[in-house]
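Here is the structure we will look at, set down as structure tokens.
Hydrogens, waters and symmetry mates are skipped; everything else that's a heavy atom, side chains included, is used. Every chain is numbered from 1, with letters handed out A, B, ... down the list of sequences.
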Amino acid sequence: MMPPPNVTGSLHIGHALTFTIQDILTRYYRLQGRDVLWQPGMDHAGIATQMVVERQLDAQGISRHDLGREKFIDKVWEWKEQSGGMIFKQLRRLGASADWSRQRFTMDDGLCTAVRKAFVRMYKDGLIYQDKRLVNWDPKLHTSISDLEVVTKERKGHLWHIKYPIEGEKNSYIIVATTRPETMLGDTGVAVHPEDERYKHLIGKNVVLPLTNRLIPIVGDEHADPETGTGAVKITPAHDFNDFEVGKRHNLPMLNIMDENAHLNDTDTVPEKYRGLFRDKARKVIVEDLEALGLLDKITDHVSQVPYGDRSDVVVEPMLMDQWYVDAQTLAKPAIKAIEDGDTKFVPANWEKTYFQWMRNIQPWCISRQLWWGHRIPVWHGPDGTCFCEETDEAVFTAAEKHYGKTVELVQDNDVLDTWFSSGLWSFSTLGWPDKTPELGRYYPTSVLVTGFDIIFFWVARMMMMSMHFMNDENGNGLVPFKDIYIHALVRDEKGQKMSKSKGNVIDPLILCDKYGADSVRFTLAAMAAQGRDIALGESRVEGYRNFATKLWNATRFCELNGCTYDAGFDLNTATHPVNQWVISEFVKMQEAVKNGIEQYKFNEAANALYHFAWGIFCDWYIELTKPILAGNDEALATETKKVTSTILLEMLKCLSPIMPFISDEIARNLLNDNEFSFMTENWFDVRKLSTKIDKYNTAGRAINWLVETVTAIRSMRAEKNLGGKPIPLQIKPSTDEAAAWAREFEPLLRSLARVEEFTIMAGSDEFAPDAIQLVVSDATLGVPLGSVIDVAAEKARLTREMEKTQKEIDSLSGRLANENFVSKAPEHVVNGYKQQLDDLKAAKAKLDEAFETVSKIA
RNA sequence: GAGCGUAUGGCGCAGCGGUAGCGCACUUCCUUGACAUGGAAGGGGUCACAGGUUCAAAUCCUGUUACGCUCACCA
């Protein structure tokens, strides 16, 4: 399931990450032969979209009210057709291989039907109801918004200490402290802690509310914290969430003193003088008036948490009004249980704690918005206020006629639904629900949802609730919308800072793609997508993977230049040379790592396995090792090697194709001479084809490791002695028959890779020439006669250093092996491993001793 | 206040019970016919701190410190 991006959105780096991961999964499972549906779509983003279109109209000097509801909605659709969904074009640039033809939109006909059906059913089940409660009112956008759309910001303000005169007692006051003095006009009580000695005796008395002279009671309530402020708190139930609860407990009246613009309203509650004043202005005037009356005790500085609307960025006003609610508490129960029971798993699992915490304390979900753009609430109000809610308009009118016994005029509710209401149905509505479509049967429950942690509440939780309510098995139990929920990291900038437009540190993925290629960007994101940590994205990293892509091109060029044409009929089981067998076994290991990485959502492991194999094994060693073979005169071996090379290259690209689809397809087309080719329709290489050979191939690895070690030892010496690139003679004295065989077999490779001219294999009894530098490797000692007298002192020092180092390791290992506890308690393979290491070290030490002796004889 | 997370070479990160790895950066050398967006060889870390468990701890447990994030907050 693709989390529907917002219709107004454009691609940012977070999208790039989430869609890259989804695309990797999609492409990978297609290679595995699975029937993959990646369902794309968008949501209609009620507030955001309405804002965009209103802003456009505003530029022409038109307000939406000038147009009227219907015409305005037409305009929004117009805008949607023209500019909406830009993000999908950008996603294609990134290579996202979603099922674009199945694209859905939360306002399309099918989803509108689903929304209506869902609403009506929930209404009739009593899960949707109208209620008068405090909501977060956005005075700029003129709509309610949900708790999740409110961001609290720290603001420096003041605490005003106001004297409230006690009724009937001269010069007796209770002092309340408030951050919002203007709300005092709506006060309907003063609360003190029931046990607070200072105020206990006042409980039950009234105070005369200044400026209005209303009498309001002093009540005892635990909400009042004796430690905070003055210990006495004014209660404004209609404009504060805590006060609302206190008000309910003590049956205090709830007086709304503001209008939809957060101006003091025109009711009798508000003294005429203040009516129409914006809340900030009212605050100033009221404070002045209190001061004049001598009722202002003092003003102190105070830092408070102020709620802002995340879209409008204005201070949200809690308002008492009628809104529609979903009984989220009831819906949450099965949704919580599904996670508890593991029917749906969070990856990484820690996120379930976040989910539980929110779900277990869930509040009624306010779903009505005072907007025009969205799904209009399918409820009609009769003249006496009776509500009619049915699946079709006809049914509504029939029901109303039945109720009233005659035709009456009905008015549809003005509000629309929260966008997340329709998004909450996404997992099944996009598959055709409420119809029983084949897709619904085939793909539901879906396999995985990939998303960021920031929308666990917004969307994941809501989709869990809605899906489990509407989708049931034959026993009527809720079915989860997806088996796994993979929560990925947040992309930050290089320094780990959250990207934001105001900081100017946003990285535009499209610019990165232009600069380094979409594949490099994808690979970077995959390589950095380790679980449980945010991604600090630096451009140098992308550059590095661009170089990786170039490296792949060059490797391909080498193959083409050397006639490594792909032969579909070639069987990797027929490889005879250790070098070829080795690269096949390394490929199998890499393929396994990629498989596990992707299947376990450890994309960094998959990416690293590919990088290491392609560059560190295939390019650095395999290609180098094949050069002398291809140039040699063993035709059959050269042919075998060419076929192994091309096959491994192609299979490697296949493993890479989920992460780097562009370059892997492109190279494969070259290699195969087939412009239509794409890995999208290919199948993953089945390692079982190699089952009879793989052990043998792994054995070839020992031989190649020896070869690599030997070559490296010589190169290292070469660098140390500043020999440059000139050819050298090499004497090899093997200490085992196996090594002797290797030395014979790899003679041409050693000559080429270590730039060896005269090549001799010595018997165990032979002595190295006095001018030979001696190098100790596994199972052999190497001698490099330099043709001139060596620096005996330097050689002795070098050998001594190595001897000491080896001895130190021998001591540490034998110490460990001498420990009874270790040998008896540690697992056998560990003990044996150490024993083997010790043997190897001892053998190396013996060879070093011998070398030292030889050198010593010179002096 | 509650929950979650992070502390590993100059930087960015893996590893999460068996004697520290990767990329970038750094040093030296290299225009040999895939590639200088490259090749070869190197240097660099007592894995935040203190205890504990274990034959064995960067890795598990407890505590401390620092820094993030999320949720709830005091009027």
Side-chain angles (χ1 to χ4, degrees), chain A residues 147-148 152 159-161 176-180 183 191 223-225 227-236 240-243 246 302 304-305 348 350-351 353-354 356-358 361 453-454 456-457 490 492 494-498 516 520 524 527-528 530-541 543-562 602 604-605 608 611-612 615-616 619-620 623-624 627 631 711-712 714-720 722-725 753 755 809 812-813 816-817 819-827 829-831 833-834 837:
Chain A
D147 300 348
L148 295 172
T152 50
L159 206 51
W160 284 269
H161 296 246
V176 299
T178 179
T179 52
R180 302 192 59 197
T183 62
H223 163 67
D225 176 5
E227 303 296 314
T228 307
T230 61
V233 55
K234 63 194 235 12
I235 301 298
T236 323
D240 181 284
F241 287 93
N242 285 313
D243 292 3
V246 177
H302 186 258
S304 51
Q305 307 290 327
N350 325 32
W351 290 109
K353 293 204 176 177
T354 306
F356 285 144
Q357 193 190 337
W358 191 72
N361 298 304
F453 64 84
D454 47 335
I456 291 179
F457 304 145
L490 203 72
R492 297 166 177 281
E494 219 164 348
K495 298 186 186 103
Q497 304 261 321
K498 208 167 179 171
Y516 300 107
S520 309
T524 307
M528 298 187 83
Q531 286 182 12
R533 186 193 261 262
D534 286 344
I535 294 177
L537 185 69
E539 223 176 288
S540 67
R541 194 78 186 255
E543 197 184 337
Y545 291 121
R546 190 268 322 266
N547 295 349
F548 175 63
T550 312
K551 187 78 178 172
L552 292 172
W553 272 113
N554 286 316
T556 311
R557 216 160 71 110
F558 170 84
C559 296
E560 283 172 350
L561 255 39
N562 285 280
K602 294 178 178 174
N604 57 320
E605 290 183 8
N608 288 334
Y611 187 92
H612 175 248
W615 202 319
C619 292
D620 284 351
I623 286 185
E624 293 306 321
K627 281 177 181 171
V711 170
T712 307
I714 297 167
R715 284 174 174 172
S716 189
M717 183 275 297
R718 196 188 271 285
E720 202 178 319
N722 287 318
L723 297 184
L753 288 155
R755 306 218 106 213
E809 284 176 48
S812 131
L813 269 182
R816 187 175 279 227
L817 284 163
N819 183 341
E820 263 309 304
N821 270 327
F822 171 67
V823 179
S824 57
K825 288 185 179 169
H829 73 273
V830 173
V831 178
Y834 281 120
Q837 268 186 52

Margin query: With hydrogens left out and only the distance checked, is there a donor-acceptor pair under 3.5 Å joining K353(A)'s side chain and the base of rC4(B)?
Written below: no

Notebook entry, point to check: Side chain of E624(A), base of rA34(B): donor and acceptor closer than 3.5 Å?
Noted result: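 Yes, the side chain and the base share a sub-3.5 Å donor-acceptor pair.
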
Can you check the distance between [N] and [M], where both ends of the measurement are the [atom1] atom (answer in whole Å)?
| N | M | atom1 | result |
| --- | --- | --- | --- |
| rA14(B) | rA7(B) | P | 7 Å |
| rA41(B) | rG51(B) | P | 42 Å |
| rA58(B) | rU8(B) | C1' | 7 Å |
| rG63(B) | rA40(B) | C1' | 49 Å |
| rG3(B) | rC47(B) | C1' | 27 Å |
| rA48(B) | rC11(B) | P | 14 Å |
| rG9(B) | rG15(B) | P | 16 Å |
| rA25(B) | rG43(B) | C1' | 13 Å |

Contact between [X] and [Y] at the side-chain level, heavy atoms closer than 4.5 Å - yes or no?
| X | Y | result |
| --- | --- | --- |
| D243(A) | H223(A) | yes |
| N608(A) | E605(A) | no |
| T524(A) | R546(A) | no |
| I456(A) | W351(A) | yes |
| V233(A) | V176(A) | no |

If the cut-off is 4.0 Å, is [X] near the phosphate of [N], judged by side-chain N/O to OP1 or OP2?
| X | N | value |
| --- | --- | --- |
| Y545(A) | rG23(B) | no |
| H612(A) | rC22(B) | no |
| R541(A) | rC24(B) | no |
| K602(A) | rA14(B) | no |
| S716(A) | rG42(B) | yes |
| N547(A) | rG38(B) | yes |
| W615(A) | rU37(B) | no |

Which base, if any, makes a Watson-Crick or G-U wobble pair with [N], both distances under 3.5 Å?
| N | value |
| --- | --- |
| rC71(B) | rG1(B) |
| rA7(B) | rU65(B) |
| rU19(B) | none |
| rG38(B) | rC30(B) |
| rU53(B) | none |
| rG45(B) | none |

Expressed as a whole number of angstroms, how long is the span from [X]:[atom1] to [N]:[atom2]?
| X | N | atom1 | atom2 | answer |
| --- | --- | --- | --- | --- |
| L817(A) | rA56(B) | CG | P | 15 Å |
| N361(A) | rC71(B) | CG | P | 13 Å |
| E605(A) | rC13(B) | CD | P | 17 Å |
| N350(A) | rU70(B) | CG | C1' | 13 Å |
| R816(A) | rG18(B) | CZ | P | 11 Å |
| N604(A) | rC16(B) | CG | P | 11 Å |
| F548(A) | rC24(B) | CZ | P | 12 Å |
| M717(A) | rA40(B) | CE | C1' | 13 Å |

Sugar-phosphate, base or nothing in reach of [X], heavy atoms under 4.0 Å:
| X | result |
| --- | --- |
| L813(A) | base |
| R715(A) | sugar-phosphate |
| N562(A) | nothing |
| T354(A) | nothing |
| T712(A) | sugar-phosphate |
| G229(A) | base |
| A224(A) | base |
| C619(A) | base |
| G231(A) | base |
| E560(A) | nothing |

Note to self: side chain to side chain contact (heavy atoms under 4.5 Å, CB included), that's the test. Do D147(A) and F457(A) meet it? Break it down for me.
What the structure shows: CA-CA 11 Å; D147(A) 300 348; F457(A) 304 145; over 6 Å; no

Margin query: Between N819(A) and L561(A), which residue's closest nucleotide on RNA chain B lies nearer the 5′ terminus?
Written below: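 In this pair, the answer is L561(A).
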
Given [options], identify the nucleotide with an atom nearest to the side chain of [X].
| X | options | answer |
| --- | --- | --- |
| K825(A) | rA41(B), rG18(B), rC55(B) | rC55(B) |
| F457(A) | rG18(B), rA34(B), rC71(B) | rC71(B) |
| Y611(A) | rA75(B), rG23(B), rA34(B) | rG23(B) |
| K551(A) | rG38(B), rC73(B), rC55(B) | rG38(B) |

Next item on the list: State yes or no: are the ring centers of Y516(A) and Y545(A) separated by less than 6.0 Å?
Entry: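 That pair fails the under 6.0 Å test.
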
Next item on the list: Check step by step if side chain to side chain contact (heavy atoms under 4.5 Å, CB included) holds for R715(A) and L753(A).
Entry: CA-CA 9 Å; R715(A) 284 174 174 172; L753(A) 288 155; 3.8 Å; yes

Note to self: Taking the basic N atoms (NZ, or NE/NH1/NH2) and the acidic carboxylate oxygens, is any pair closer than 4.0 Å for K627(A) and E624(A)?
What the structure shows: yes

